[in-house]
Amino acid sequence: MAAALGLLAVAAACAPASTEVAERRCAERARAAAEPVSSIGGVAELGYGSGGMHTDLDVSLTAGVNLGGGADPYAAYDRCVRRATGQGPARPLVLE
């Protein structure tokens, strides 16, 4: 009995995802891939001590990188849903 339940759980895990679940997961991935990641930051310090005036400047820059590799997010969404469910999406991707 326990072995049968274990096999059923494994089979369920390997079954295709529901279209709704796949669309939600694939939409999140497509949105993240469509947005470049970039930031700029730094620290500036100016002070006076026993050794006289001192300054320190530390700047960091991360250039924009598209994690989707330049892929069309709509095409990526469609491929993702098809790969997960075996059929096309029922709802189109909406990027905000």
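These numbers come from a predicted model, not from an experiment. Only this structure's heavy atoms are used, side chains among them; waters, hydrogens and symmetry mates stay out.
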Mind listing the closest non-hydrogen atom pair of T19 and A90 along with its distance? CG2-N, 4.1 Å
Sequence neighbours left out, what passes side-chain hydrogen bond (donor to acceptor under 3.5 Å, both in side chains) with R91? Give chain and number order. E23
Between E20 and R24, does any side-chain N to carboxylate O distance fall below 4.0 Å? yes
For the atom pair CZ (R79) and OH (Y74), what is the distance rounded to the nearest 0.5 Å? 14.5 Å
Please name the pair of heavy atoms, one in Y77 and one in A30, separated by the smallest distance, quoted to 0.1 Å. CB-CB, 4.2 Å
Which atoms form the tightest heavy-atom contact between T85 and A22, and what is the distance? CG2-CB, 3.5 Å
If you look at every heavy atom in R82 and G88, which pair is closest and at what distance? NH1-N, 3.4 Å
